[in-house]
Participant: 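Structure provided below as structure tokens; questions to follow.
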Amino acid sequence: MNNNANSLIVLDFETSGLSPDNGDRAIEIGAVKIENGKITEKFQSLMNPGFRINNFIENYTGITNHMLQSAPPCHEVMNDFADFIGDDNLLAHNASFDKKFLDAEFSHIAQCYSGEFACSLLVSRRINTNAPNHQLGTLVNFMNIASEGNFHRALFDAEMTAKLWLVMLDNIQQQINQSSVPFELIQKIAKTPKKNVSDLLEKW
DNA sequence: TGCCAGGCCCTCTTTAGGGCCTT
């Protein structure tokens, strides 16, 4: 594990559906690298899954079958993405979803990654206890984060997740009165029952 | 024919059910 929570890859997949076990594939990857509290690199690409996506996904994402026809194939994009993420830790909003697609796409090309996932959704449920809900768009509005772009596109969602993450890290830093938040603490927050999180931060 | 995602989390729980969140 890279224990530096201030340097990590924030990623978001758009996909043909909810489950790679049912044959769904990634159709777009967007990611940003956060280093020392700032977005320093970006990665974005559509990818052709080799079949037509349905109307719901076209409407939900704005990604059309016409756009995917000329996109590079998944294996090509995922190999480039493996180089992008290196051995950094990873972050996504509802990470279990993006992790299962990353695992599935990497399994197709015999790639692997060494970083560990953090989940902004799980942390938000424990830190932003007054939020009306924990959907990415709701949290961005709730925390007054500037947002000009289209939700449900991979790079925009990754950027918004990164900005949300930095606000939450700042919140945690203030609570523990330290200048950085160890990745180990992030993982502990995500696994701690909500009612015990304030105790965890006080004693850190 | 009938089913059709899955992990997390809460509670009127744990011998379970249902909502949230992602596409």
Side-chain angles (χ1 to χ4, degrees), chain A residues 8-32 43-68 71 74 77-78 81 85 90-108 116-143 145 147 149-165 167-168 186-200:
Chain A
L8 81 173
I9 302 293
V10 186
L11 64 99
D12 183 74
F13 279 111
E14 304 306 315
T15 70
S16 66
L18 289 169
S19 175
D21 291 340
N22 282 355
D24 290 319
R25 297 294 299 267
I27 60 174
E28 186 182 39
I29 177 70
V32 300
F43 184 101
Q44 185 275 334
S45 183
L46 292 170
M47 51 188 127
N48 189 335
F51 55 82
R52 290 183 63 82
I53 59 173
N54 63 39
N55 286 339
F56 174 82
I57 296 298
E58 282 191 318
N59 293 330
Y60 187 79
T61 64
I63 298 168
T64 65
N65 281 293
H66 181 73
M67 293 162 68
L68 294 177
C74 294
V77 176
M78 284 293 100
F81 188 59
I85 65 179
L90 307 165
L91 170 74
H93 197 66
N94 197 13
S96 64
F97 177 86
D98 293 280
K99 181 179 186 301
K100 69 183 178 183
F101 273 95
L102 181 64
D103 290 350
E105 293 298 337
F106 271 17
S107 74
H108 287 131
E116 293 191 12
F117 264 94
C119 178
S120 52
L121 170 65
L122 295 182
V123 173
S124 178
R125 281 177 173 161
R126 289 158 173 80
I127 299 298
N128 302 315
T129 52
N130 294 325
N133 62 57
H134 298 274
Q135 294 172 23
L136 179 60
T138 300
L139 291 170
V140 166
N141 288 328
F142 179 71
M143 303 181 87
I145 295 169
S147 61
N150 296 320
F151 283 104
H152 306 306
R153 285 301 300 268
L155 181 57
F156 185 75
D157 281 6
E159 289 178 316
M160 291 300 102
T161 301
K163 290 181 178 179
L164 168 67
W165 186 247
V167 171
M168 291 199 294
I186 297 296
Q187 302 292 53
K188 283 193 174 180
I189 290 172
K191 292 177 181 174
T192 298
K194 189 188 296 182
K195 60 184 170 62
N196 298 334
V197 169
S198 55
D199 277 353
L200 170 68

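The chains referred to below are lettered A, B, ... by the order of the sequence lines, with proteins before strands, and numbering in each begins at 1.
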Participant: Tell me: CG of L68(A) to P of dT23(B), nearest whole Å?
Facilitator: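 Distance check: L68(A) CG to dT23(B) P gives 16 Å.
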
Participant: Please work out if K194(A) contacts a base, only the sugar-phosphate, or nothing of the nucleic acid, heavy-atom cut-off 4.0 Å.
Facilitator: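 Sugar-phosphate contact only.
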
Participant: Closest nucleotide of DNA chain B for L136(A) versus for K191(A): which of these residues is on the 5' side?
Facilitator: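 Nearest-nucleotide comparison on DNA chain B picks K191(A).
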
Participant: Whole Å only: how far is the CG atom of N133(A) from the P atom of dC21(B)?
Facilitator: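 Those two atoms, CG and P, are 5 Å apart.
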
Participant: Between dC4(B) and dG18(B), how many Å separate the two P atoms, rounded to a whole number?
Facilitator: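 Between the two P atoms, the distance is 14 Å.
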
Participant: Which whole-number value in Å describes the distance from D103(A) CG to dG7(B) P?
Facilitator: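 Computing the D103(A):CG to dG7(B):P distance gives 12 Å.
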
Participant: Got a sec: does the CG of N150(A) have more than 12 other heavy atoms crowding it under 6.0 Å?
Facilitator: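 No, CG of N150(A) has 12 or fewer neighbouring heavy atoms, counting only those of other groups under 6.0 Å.
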
Participant: Please pick, from dC9(B), dA5(B), dT22(B), the nucleotide with the shortest atom-to-atom distance to any side-chain atom of N22(A).
Facilitator: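 Nearest to the side-chain atoms of N22(A), counting from C-beta on, is dA5(B).
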
Participant: Rounded to the nearest Å, what distance is computed from the CG atom of residue D24(A) to the C1' atom of nucleotide dC4(B)?
Facilitator: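 The answer, rounded to whole Å, is 11 Å.
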
Participant: Please tell me if H93(A) has a side-chain N or O lying less than 4.0 Å from either OP1 or OP2 of dC21(B).
Facilitator: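 For H93(A), the contact criterion (side-chain N or O under 4.0 Å from OP1 or OP2 of dC21(B)) is not met.
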
Participant: Nearest whole Å is fine: how far is dG7(B) P from L121(A) CG?
Facilitator: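 So the two atoms are 15 Å apart, to the nearest Å.
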
Participant: Would you confirm whether R126(A), through its side chain, and V197(A), through its main-chain N or O, come within 3.5 Å as a donor-acceptor pair?
Facilitator: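 Side chain of R126(A) to backbone of V197(A), a donor-acceptor pair under 3.5 Å: no, none is there.
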
Participant: Check every strand shown and say whether D157(A) touches a base, only sugar-phosphate, or nothing at a heavy-atom separation below 4.0 Å.
Facilitator: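 Result for D157(A) = sugar-phosphate.
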
Participant: Could you give the distance separating dC12(B) and dG17(B) at their C1' atoms, to the nearest angstrom?
Facilitator: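 Straight-line distance between the two C1' atoms is 11 Å.
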
Participant: What's F56(A) touching, base or sugar-phosphate or nothing? Going by heavy atoms closer than 4.0 Å.
Facilitator: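 Since a base atom lies under 4.0 Å of F56(A), the category is base.
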
Participant: For the residue pair A154(A) and G30(A), what are the closest heavy atoms and their distance?
Facilitator: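 Scanning both residues completely, I find the closest heavy atoms to be CB-N, 3.2 Å.
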
Participant: Take K100(A) and K195(A), find for each the nucleotide of DNA chain B with the closest heavy atom, and name the residue whose nucleotide sits nearer the 5' end.
Facilitator: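 That would be K100(A).
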
Participant: Classify the ring geometry between F97(A) and F101(A) as parallel (under 30°), tilted (30 to 60°) or perpendicular (over 60°).
Facilitator: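 Plane angle between 30° and 60°, so tilted.
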
Participant: Tell me the interatomic distance from Q187(A), atom CD, to dC8(B), atom P, rounded to whole angstroms.
Facilitator: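 It is 12 Å, rounded to the nearest whole Å.
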
Participant: What's the closest nucleotide to the side chain of I57(A) if the choices are dG7(B), dT23(B), dA5(B)?
Facilitator: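 Per side-chain heavy atoms of I57(A), the pick is dT23(B).
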
Participant: In whole angstroms, how far is the C1' atom of dT23(B) from the CG atom of L155(A)?
Facilitator: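 In whole Å, dT23(B) C1' lies 17 Å from L155(A) CG.
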
Participant: Looking across every strand, which nucleic acid part, if any, lies under 4.0 Å from T61(A) by heavy atom: base, sugar-phosphate, or nothing?
Facilitator: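 Answer is sugar-phosphate: T61(A) comes under 4.0 Å of backbone atoms only.
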
Participant: Is the side chain of D12(A) donor-acceptor paired with the backbone N or O of A31(A) at a distance under 3.5 Å, no angle test?
Facilitator: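 Answer holds: no.
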
Participant: When the C1' atoms of dT13(B) and dC8(B) are compared, how many Å lie between them, rounded to an integer?
Facilitator: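 These two C1' atoms come out 15 Å apart once rounded.
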
Participant: When you measure from the side chain of S19(A), which nucleotide among dC9(B), dA5(B), dT22(B) comes out closest?
Facilitator: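 The listed nucleotide nearest to S19(A)'s side chain is dA5(B).
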
Participant: I29(A) CD1 to dT22(B) P: how many Å, rounded?
Facilitator: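 So the CD1-P distance, I29(A) to dT22(B), works out to 16 Å.
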
